[in-house]
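See below for the structure under consideration.
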Amino acid sequence: MQKITMAVDQLTCPSCLTKIQTALDQQTTVTSSKVLFNAGKVKLTATDDANPNALKKIVEQLGYPVTNLKVKELA
């Protein structure tokens, strides 16, 4: 499992939160996701075969620039 954290710009409304979380939750490699609106972060847990850069691209294609991407392997 991987813990992935993204710093996301332009989270300006609650619908942004829903839009991002829905898109990520539809990915088969994402086991859980949470958008922290006030902190401007997306935290998710994904399977080992998830591609963090592909998940980042999904968020960016929705119109929200990702300024930082951190990946931590969970034991």
Side-chain angles (χ1 to χ4, degrees):
M1 297 294 281
Q2 302 177 70
K3 181 179 177 183
I4 301 168
T5 305
M6 300 179 203
V8 182
D9 280 348
Q10 300 177 10
L11 289 177
T12 57
C13 60
S15 66
C16 302
L17 178 151
T18 305
K19 194 178 196 181
I20 293 170
Q21 192 158 351
T22 300
L24 291 172
D25 286 343
Q26 290 175 349
Q27 306 307 305
T28 57
T29 58
V30 174
T31 57
S32 69
S33 68
K34 185 171 187 175
V35 180
L36 305 171
F37 177 74
N38 290 331
K41 291 185 179 180
V42 175
K43 293 187 174 189
L44 50 101
T45 305
T47 60
D48 288 333
D49 59 334
N51 180 337
N53 287 315
L55 296 171
K56 174 186 173 192
K57 187 174 180 180
I58 290 169
V59 174
E60 292 180 329
Q61 287 177 332
L62 293 171
Y64 306 100
V66 175
T67 58
N68 191 6
L69 175 67
K70 293 181 183 177
V71 181
K72 181 180 179 183
E73 295 293 328
L74 300 176

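For reference, positions follow the sequence shown, starting with 1.
The backbone N or O of A50 sits less than 3.5 Å from a side-chain atom of Q2, completing a donor-acceptor pair.
Counting side-chain heavy-atom gaps under 4.5 Å among Ile, Leu, Val, Met, Phe, Trp and Tyr, the cluster of V42 also holds I4, M6, V8, L11, L17, I20, L24, V30, V35, F37, L44, L55, I58, V59, L62, Y64, V66, L69, V71.
For the atom pair NZ of K56 and CG of N51, the computed distance is 11.0 Å after rounding to the nearest 0.5 Å. Note that NZ of K70 and NZ of K41 are 6.5 Å apart. Values are rounded to the nearest 0.5 Å. Atom NZ of K34 sits about 8.5 Å away from atom NZ of K43, to the nearest 0.5 Å.
The minimum heavy-atom distance between P65 and G63, with the atom names listed, is CD-O, 3.6 Å. For Q21 against S33, the heavy-atom pair with the smallest separation is NE2-O, 3.0 Å.
The shortest side-chain heavy-atom distance between Q10 and C16 does not fall under the 4.5 Å cut-off.
With sequence neighbours left out, the side chain to side chain contact (heavy atoms under 4.5 Å, CB included) criterion links T31 to M1, T45, T47.
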